[in-house]
Amino acid sequence: MKIASWNVNSLNARQPHLEEWLRLRSPDIVGLQETKLEDSRFPDTALVEQGYRSVFSGQKTYNGVAILSREAARDVQYGIPGFADEQKRAIAATIGDIRIVNLYVVNGQAVGSEKFEYKLRWLDAMTGWLADELKAHQNLVVMGDFNIAPEDRDTHDPATWNADSIHSSTAERAALRRLQALGLHDSFRLHNDKAGHYSWWDYRAAGFRRNLGLRIDLVLVSEALKARASGAHIDREPRLWERPSDHTPVWVELDD
DNA sequence: ATGGTAGTCTAACTA
């Protein structure tokens, strides 16, 4: 079973890419981020024709998350419970025997900015929520665009992406460690300990061609699912297509 | 070179 995460940077702009990629890889479950679509404009009918049901929480221009699945989703949660947020960044659902949480974590712009403080508050609220989710669901997948590179080996240049930089700062990494300490494992690192594997490259300065990237898109799995995780992948293929997203899909493979 | 590109929407914000 293949469970994937992809920040599409506008589903309107990337619908052809998504449809092509679904045909190419046949994932069972996909979490999308930055759909940038109001719910009334979500292309759920077109996706049904490809064999995927969808649940989604979006808004115009910014943010927006969705979960696509071959099987119907149940017990859908929109947003972080008890955390008032105008921005559509979280959605969760149960599919088969697996609880899926799909996140578009706040970017944060710059360490010390107002947006950075919002990022830390958001991460704190999200972690509290997921502690409860873990109590209720032993089979939990938490995926998305985390906007945090977990370690130096997840950046192309630790001098640029340092303790004071957005995406790699001490406070952000500590917040991610607190989440993982609940018992959530970075599926990519179960199978690959090397540097140089990224999921995002800046559109500017030919970032992809020069592999100047960050690994900020993660699929975390609970202890019970760690035992079933047989592989994890970063799929660079869609980044080679015309008009790509700046992020590329990542996934975990679970034994049935 | 303190830049660069892309999406949404046509000015400026976000990433």
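So you know, we letter chains A, B, ... as the sequences are listed, proteins then strands, and number each from 1.
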*Which of these nucleotides, B/dT8, B/dT14, B/dA6, is closest to any side-chain atom of A/Tyr203?*
B/dA6

*Looking at A/Arg14, does any N or O in its side chain come under 4.0 Å of the phosphate oxygens OP1/OP2 on B/dG7?*
yes

*Determine the Euclidean distance between corresponding P atoms of B/dG3 and B/dG7; express it in Å to zero decimal places.*
22 Å

*Output yes when at least one side-chain N/O atom of A/Arg243 is less than 4.0 Å from OP1 or OP2 of B/dG7, else no.*
yes

_Side-chain ion pair, A/Lys88 and A/Asp39, N-O less than 4.0 Å_ = no

*Please state how far atom CG in A/Leu11 lies from atom C1' in B/dT8, giving the value in whole angstrom units.*
14 Å

_Student check: side-chain heavy atoms of A/Ile98 and A/Leu225 closer than 4.5 Å_ = yes

*asked:* Please compare A/Asp202 and A/Asn147 by the position of their nearest nucleotide in DNA chain B and report the one closer to 5'.
replied: A/Asp202

_A/Lys60 NZ to B/dT14 C1', straight-line distance once rounded to whole Å_ = 16 Å

_Quick check: A/Trp21 with A/Trp6 (ring centres under 6.0 Å apart)?_
yes

*So what does A/Asn12 hit on the nucleic acid, given a heavy-atom distance under 4.0 Å: a base, only sugar-phosphate, or nothing?*
sugar-phosphate

*Closest to the A/Lys115 side chain, choosing from B/dT14, B/dT5, B/dA6*: B/dT14

*Figure out the CG/C1' separation between A/Asp246 and B/dT5, and round it to whole Å.*
9 Å

*A/Trp200 has an atom CH2; how far is it from atom P of B/dA15, in whole Å?*
12 Å

*Provide the distance between the two P atoms, one in B/dA12 and one in B/dA1, to the nearest whole Å.*
28 Å

*For A/Lys36 and B/dC13, give me the distance from atom NZ to atom P, rounded to whole Å.*
15 Å

_5' precedence on DNA chain B between A/Arg204 and A/Asn107 (nearest-nucleotide basis)_ = A/Arg204

*Which one, B/dA6, B/dC13, B/dA15, comes nearest to the side chain of A/Tyr104?*
B/dA15

_Rounded to whole Å, please give me the gap between CZ in A/Phe146 and C1' in B/dA15._
18 Å

*Taking atom P of B/dT14 as reference, at what distance in whole Å does atom NZ of A/Lys119 sit?*
15 Å

*Rounded to the Å, how far apart are A/Glu34 CD and B/dC13 C1'?*
13 Å

_Any heavy-atom pair between the side chains of A/Val250 and A/Leu218 that's under 4.5 Å?_
no

*asked:* Please check if the number of heavy atoms outside A/Lys119 that lie under 6.0 Å from its NZ is greater than 12.
replied: yes

